[in-house]
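Below is one structure, written out as structure tokens; the observations come after it.
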Amino acid sequence: MTGQVITIDHPLVQHKLSLMRRVETTTAEFRALMREISLLMAYEVTRDLPLKPEPIQTPMASMLAPMLAAEKKLVLVSIMRAGQGLLEGMLELIPAARVGHIGLYRDPHTLIPIEYYFKVPTDIEDRDVLVVDPMLATGHSATAAVLRLRQTCPKSIRFVCLVAAPEGIQHFHEQHPDVPIYTAAVDEGLDEHGYILPGLGDAGDRLFGTR
Ligand SMILES: O=P(O)(O)OC[C@H]1O[C@H](OP(=O)(O)OP(=O)(O)O)[C@H](O)[C@@H]1O
Ligand SMILES: O=c1cc[nH]c(=O)[nH]1
Ligand SMILES: [Mg+2]
């Protein structure tokens, strides 16, 4: 079974991603673009959320109006640090969603992800999860995050990123063929340090101005 990769090719997403990639984009600009692009990504990723009719009153009449059936049943899980950027924008669109955090950083030499934090809602069994992290490079971080999350038995899992490397997609789907990947771009590959080419650099450092 090969996993599903959904490329979000909306022109606004593509334009904003190109601005984020540019080396001269400042930290403030990068952060603002991350917020904007995460709103647009959330719009696409939630396209199939179920609706249910609820009675409401307009100034003119009463009607049965479509409302999200399970907004509170969604959990957004951020892979820190860089996932925080995607998380915040998405929460603006889905404010009733629950939130989880997985703290992971890549050891710069081995590229193995090290977990330093894990907290998700206790009643995750009947919830759908969107795991968010802007970068899928070797795929080790996302793969480890989903593996850890599976121990809590959520109803479903999707992974959302901005830029994915083919190597990362392959590694991730070898372990998690049932988890779809939503991405704005699939890039050429990785450099010798595991950075995506052409990529956008280190998403966490660019978001928080740490380098
Ligand atoms: O697919 P991989 O090769 O595992 O790389 C991707 C990971 O690298 C980045 O995090 P990083 O380790 O730089 O931590 P940070 O977000 O704290 O900067 C990114 O946000 C992913 O979590
Ligand atoms: O290109 C990359 C690879 C891993 N992490 C990043 O932030 N960027
Ligand atoms: Mg980083």
Side-chain angles (χ1 to χ4, degrees), residues 3 5 7 16-27 29-31 33-35 37-38 41-42 45 76-91 99-120 129-150 157-177 179-211:
V5 179
T7 305
K16 287 181 196 298
L17 177 60
S18 299
L19 295 176
M20 293 177 81
R21 288 180 187 273
R22 291 166 71 177
V23 67
E24 61 269 35
T25 296
T26 65
T27 299
E29 290 164 346
F30 190 88
R31 205 176 285 149
L33 286 161
M34 180 71 91
R35 183 187 154 274
I37 206 167
S38 56
M41 298 285 287
V45 169
L76 304 181
V77 174
S78 160
I79 303 179
M80 298 191 284
R81 288 173 302 168
Q84 294 303 106
L86 278 180
L87 170 71
E88 281 166 27
M90 289 197 177
L91 268 182
V99 176
H101 292 91
I102 303 180
L104 288 181
Y105 70 88
R106 290 196 317 179
D107 179 284
H109 303 295
T110 64
L111 302 183
I112 301 290
I114 317 284
E115 183 181 310
Y116 59 89
Y117 190 77
F118 184 84
K119 184 87 179 173
V120 298
V129 172
L130 296 179
V131 180
V132 301
D133 186 335
M135 310 306 279
L136 183 71
T138 65
H140 289 133
S141 302
T143 303
V146 170
L147 196 63
R148 180 70 176 85
L149 208 50
R150 279 195 194 282
I157 306 178
R158 302 175 190 198
F159 180 74
V160 185
C161 62
L162 293 184
V163 185
E167 296 90 327
I169 293 173
Q170 188 181 342
H171 180 74
F172 183 84
H173 273 155
E174 276 166 12
Q175 306 289 322
H176 306 297
V179 178
I181 298 172
Y182 292 79
T183 185
V186 178
D187 273 13
E188 284 160 24
L190 300 174
D191 76 2
E192 66 276 23
H193 305 292
Y195 277 87
I196 300 177
L197 292 173
L200 51 72
D202 188 303
D205 284 337
R206 295 201 67 187
L207 190 62
F208 295 109
T210 38
R211 194 188 285 202

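Atom set for the values below is all heavy atoms of this structure, side chains included, hydrogens, waters and symmetry mates excluded. In each ligand, atom 1 is the first atom listed, and ligand 1 is the first ligand listed.
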Enter the distance from Leu136:CG to Phe172:CZ here, rounded to the nearest 0.5 Å.
7.0 Å

Ligand 2 to Asp202, heavy atom cutoff 4.0 Å, flagged ligand atoms 6 (C), 7 (O), 8 (N)

With heavy atoms of Gly194 as the reference, note each atom of ligand 2 found under 4.0 Å away.
3 (C)

Any atoms of ligand 1 less than 4.0 Å from a non-hydrogen atom of Met135? List them with their elements.
6 (C), 19 (C), 21 (C)

If you take all heavy atoms of Ala203 and Phe30, which pair is closest and at what distance?
O-CE2, 3.9 Å

Heavy-atom contacts under 4.0 Å between Ala137 and ligand 2: side chain, backbone, both, or neither?
side chain

At a non-hydrogen distance cut-off of under 4.0 Å, which region of Thr138 contacts ligand 1 (side chain, backbone, both, or neither)?
both

Counting from 1, what ligand 1 atoms have a heavy atom of His140 closer than 4.0 Å?
1 (O), 4 (O)

4.0 Å heavy-atom contact, Gly139 with ligand 1:
yes

Of the non-hydrogen atoms in Met90 and Ser38, which two are nearest, and what is the gap between them?
CG-O, 3.6 Å

For Arg22, does the CZ atom sit with more than 12 other heavy atoms under 6.0 Å from it, leaving out its own atoms?
no

In Å, rounded to the nearest 0.5 Å, how long is the span from CD1 of Ile114 to OH of Tyr105?
4.5 Å

Cation over ring, Arg148 on Phe118, under 6.0 Å and within 45°?
yes

Within 4.0 Å of some non-hydrogen atom of Tyr105, the atoms of ligand 1 are 12 (O)

Is it the case that ligand 1 has an N or O less than 3.5 angstrom from some N or O of Pro134?
no

Check whether any heavy atom of Ala82 sits under 4.0 Å from an atom of ligand 2.
no

Just let me know how Leu111 lines up against ligand 1, side chain, backbone, both or neither, with a heavy-atom cut-off below 4.0 Å.
neither

For Leu162, run the side-chain contact (heavy atoms from CB on, under 4.5 Å) check against Leu86, Val132, Thr183, Ile196 and tell me which one passes.
Leu86

Supply the atom-to-atom distance Ile112 CD1 to Thr138 OG1, rounded to the nearest 0.5 angstrom.
8.0 Å

Can you list the atoms of ligand 1 that are under 4.0 Å from a heavy atom of Arg81?
15 (P), 16 (O), 17 (O), 18 (O)

Does one side chain, of Glu174 or Gln170, offer a donor that lies under 3.5 Å from an acceptor on the other?
yes

Give me the ring orientation class for His140 and His171: parallel if the planes are under 30° apart, tilted from 30 to 60°, perpendicular past 60°.
perpendicular

dist Arg35:CZ -> Lys16:NZ (nearest 0.5 Å) comes out at 9.5 Å

Judging by distance only, is a nitrogen or oxygen of Tyr116 under 3.5 angstrom from one on ligand 1?
no

Does ligand 1 come near enough to Ala142 that some N or O of the ligand is less than 3.5 Å from an N or O of the residue?
no

Identify which of Ala165, Gly204, Gly194, Ser141 has a heavy atom lying nearest to atom 4 (O) of ligand 1.
Ser141

Which of the atoms of ligand 2 are close to Met135, meaning less than 4.0 Å from one of its heavy atoms?
1 (O), 2 (C), 6 (C), 7 (O), 8 (N)

Is the shortest distance from a heavy atom of Arg206 to ligand 2 less than 4.0 Å?
no

Could you check whether any side-chain heavy atom of Met20 comes within less than 4.5 Å of a side-chain heavy atom of Val163, counting everything from C-beta outward?
no

Give a yes/no on ligand 2: does Gly201 have at least one heavy atom closer than 4.0 angstrom to it?
yes

I need the contact type for Ala82 against ligand 1. Using non-hydrogen atoms and a strict under-4.0 Å cut-off, is it side chain, backbone, both or neither?
both

Number the atoms of ligand 2 from 1 as they appear, then name those within less than 4.0 Å of a heavy atom of Ala203, with their elements.
6 (C), 7 (O)

